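Here, residue 1 is the first one in the sequence, and each next residue gets the next number. Excluded from the calculations below are hydrogen atoms, water molecules and symmetry mates; all remaining heavy atoms, backbone and side chain alike, are included. Just so we're clear, the structure is a prediction, and the values are computed from it rather than from any experiment.
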Amino acid sequence: MRERIRIGVLNGPNLNLLGRREPHHYGTQTLAEIESLLRERADAGGASLIFLQSNDEGEIVDWVQANTDAVDAWLVNAAALTHTSVALRDALAGSGRPFVEVHLSNVFAREPFRHTSLLSDLAIGVITGFRVSSYLFGLEALIRHLRGSAGAEAE
Ligand code: DQA
């Protein structure tokens with residue numbers, strides 16, 4: 001494992017509206033604020049991030065393909081595409097890179113259609129319901145996983 005871990009942070013449809021979108025589900029922090037918190041934590045953990053938000057499934061699939069060689073792992077909040085997108089599932093599987101699935105809201109406390117994820121069985125793990133902390137826990141989990149699987153100290 002190289003010293004600096006590279007992580008691709010993928011954000012799906014409507015997450016550009018965080019801060020004013022259904023704050024009872026998603027909290028009040030904007031995606032820019034989440035990005036900046038993640039970059040701070042990543043830096044402290046010896047990781048660097050590339051970041052995407054898109055409302056377009058095709059653009060997200062293209063981004064995964066184009067950046068696979070540039071990352072060691074993905075941190076994924078696929079938003080609604082979590083529940084619908086075979087194309088994103090296939091892109092992540094095809095990348096051969098591990099990923100953690102995160103959600104701001106607790107999807108299991110919401111409508112039944114949100115209880116199904118087309119990604120979870122491929123993920124290292126899933127973190128759901130902790131608002132912005134879901135992303136931070138997910139990042140931490142990925143860094144630990146990557147360092148651990150390289151045989152380096154995980155603690
Ligand atoms: C979400 C949960 C999804 O069900 C929803 O479609 C989203 C956001 C979350 O972060 O809680 O857009 O992924």
Side-chain angles (χ1 to χ4, degrees), residues 1-82 85 87-89 91-107 117 119-120 122-155:
M1 175 65 55
R2 76 190 63 242
E3 276 176 31
R4 200 145 190 93
I5 291 169
R6 304 160 308 167
I7 295 171
V9 184
L10 188 166
N11 295 279
N14 299 303
L15 294 175
N16 54 313
L17 298 180
L18 288 180
R20 58 197 162 99
R21 174 191 179 207
E22 300 181 273
H24 54 291
H25 285 311
Y26 304 121
T28 52
Q29 273 165 303
T30 65
L31 191 60
E33 288 166 344
I34 293 173
E35 177 175 357
S36 130
L37 278 172
L38 282 172
R39 287 195 185 281
E40 217 171 90
R41 290 289 177 92
D43 213 42
S48 57
L49 304 182
I50 56 171
F51 205 87
L52 174 80
Q53 189 282 322
S54 175
N55 294 329
D56 182 326
E57 182 177 19
E59 189 184 340
I60 292 173
V61 168
D62 285 343
W63 186 80
V64 169
Q65 290 182 9
N67 288 288
T68 290
D69 289 341
V71 302
D72 299 302
W74 310 105
L75 182 63
V76 177
N77 185 353
L81 295 177
T82 307
S85 180
L88 178 56
R89 175 188 172 87
L92 289 169
S95 78
R97 300 286 187 260
F99 69 93
V100 168
E101 174 184 341
V102 300
H103 301 283
L104 294 150
S105 63
N106 178 357
V107 289
S117 166
L119 308 179
S120 298
L122 299 180
I124 301 166
V126 181
I127 300 171
T128 188
F130 298 96
R131 305 272 175 90
V132 63
S133 296
S134 293
Y135 279 85
L136 297 171
F137 295 151
L139 178 65
E140 176 71 24
L142 262 185
I143 292 174
R144 279 174 174 252
H145 175 83
L146 291 167
R147 297 243 187 257
S149 64
E153 281 186 8
E155 301 302 321

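For Glu140, the side chain to side chain contact (heavy atoms under 4.5 Å, CB included) test picks out Arg144, with sequence neighbours left out. Under the side chain to side chain contact (heavy atoms under 4.5 Å, CB included) criterion, Ser133 pairs with Phe130, Phe137, sequence neighbours left out. Qualifying side chain to side chain contact (heavy atoms under 4.5 Å, CB included) partners for Asn16, counting only residues two or more places apart in sequence or in other chains: Gln53, Asn55.
From Asn106, atom CG reaches atom CZ of Arg131 across 10.5 Å, with rounding to the nearest 0.5 Å. One finds the CG atom of Leu139 at 11.0 Å from the CZ atom of Arg39 (value rounded to the nearest 0.5 Å). Between Leu18 atom CG and Thr30 atom OG1 the span is 8.0 Å, to the nearest 0.5 Å. Interatomic distance, Leu81 CG to Arg89 CZ, rounded to the nearest 0.5 Å: 14.5 Å. Here the CG atom belonging to Leu37 is positioned 12.0 Å from the OH atom belonging to Tyr135, to the nearest 0.5 angstrom. Between atom CG of residue Leu15 and atom CD1 of residue Ile34 there is a gap of 8.0 Å, rounded to the nearest 0.5 Å.
Shown here for Gly138 and Leu75, the closest heavy-atom pair between the two residues is C-CD1, 3.7 Å. What you find for Ala42 and Leu49 is that their closest heavy atoms are CB-CG, 3.7 Å. When all heavy atoms of Ala78 and Pro13 are compared, the pair lying nearest together is O-CD, 3.7 Å. In terms of heavy-atom proximity, Ile7 sits nearest to Ala47 at CD1-CB, 4.4 Å. For the pair Tyr26 and Ser105, the tightest heavy-atom approach, listed with the atom from each and the gap, is CE2-OG, 3.8 Å. The minimum heavy-atom distance between Gly45 and Arg147, with the atom names listed, is O-NH2, 3.1 Å.
Side-chain atoms of Pro98 and Leu146, non-hydrogen and from C-beta on, do get closer than 4.5 Å to each other.
Between Ser117 and Glu101, the side chains place a donor N or O and an acceptor N or O closer than 3.5 Å (distance only, hydrogens not considered). Between the side chains of Trp74 and Ser95, at least one donor N or O lies within less than 3.5 Å of an accepting N or O.
For CZ of Arg41, the number of neighbouring non-hydrogen atoms (other residues, nucleotides, ligands) closer than 6.0 Å is 12 at most.
Under the 3.5 Å distance criterion, the side-chain polar atoms of Asn77 are left unmatched by any main-chain donor or acceptor of His103. A donor-acceptor contact shorter than 3.5 Å links the side chain of Thr82 to the backbone of Ala79. Although no hydrogens or angles enter the test, the distance criterion places no donor-acceptor pair under 3.5 Å between the side chain of Ser134 and the main chain of Val102.
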Task: Audit row: Thr68, Arg97, side-chain contact (heavy atoms from CB on, under 4.5 Å) steps and yes/no - done: CA-CA 7 Å; Thr68 290; Arg97 300 286 187 260; 4.1 Å; yes
Open item on the list: What verdict does the side-chain contact (heavy atoms from CB on, under 4.5 Å) test give for Phe51 and Leu38, after you've listed the backbone C-alpha separation in whole Å, the side-chain angles of each residue and the deciding distance to 0.1 Å?
Closed with: CA-CA 10 Å; Phe51 205 87; Leu38 282 172; 4.0 Å; yes
Open item on the list: If you apply the rule side-chain contact (heavy atoms from CB on, under 4.5 Å), what do you find for His25 with Val107, and how did you get there?
Closed with: CA-CA 9 Å; His25 285 311; Val107 289; over 6 Å; no
TODO: Test Leu142 against Ile5 for side-chain contact (heavy atoms from CB on, under 4.5 Å), laying out the working first.
DONE: CA-CA 10 Å; Leu142 262 185; Ile5 291 169; over 6 Å; no
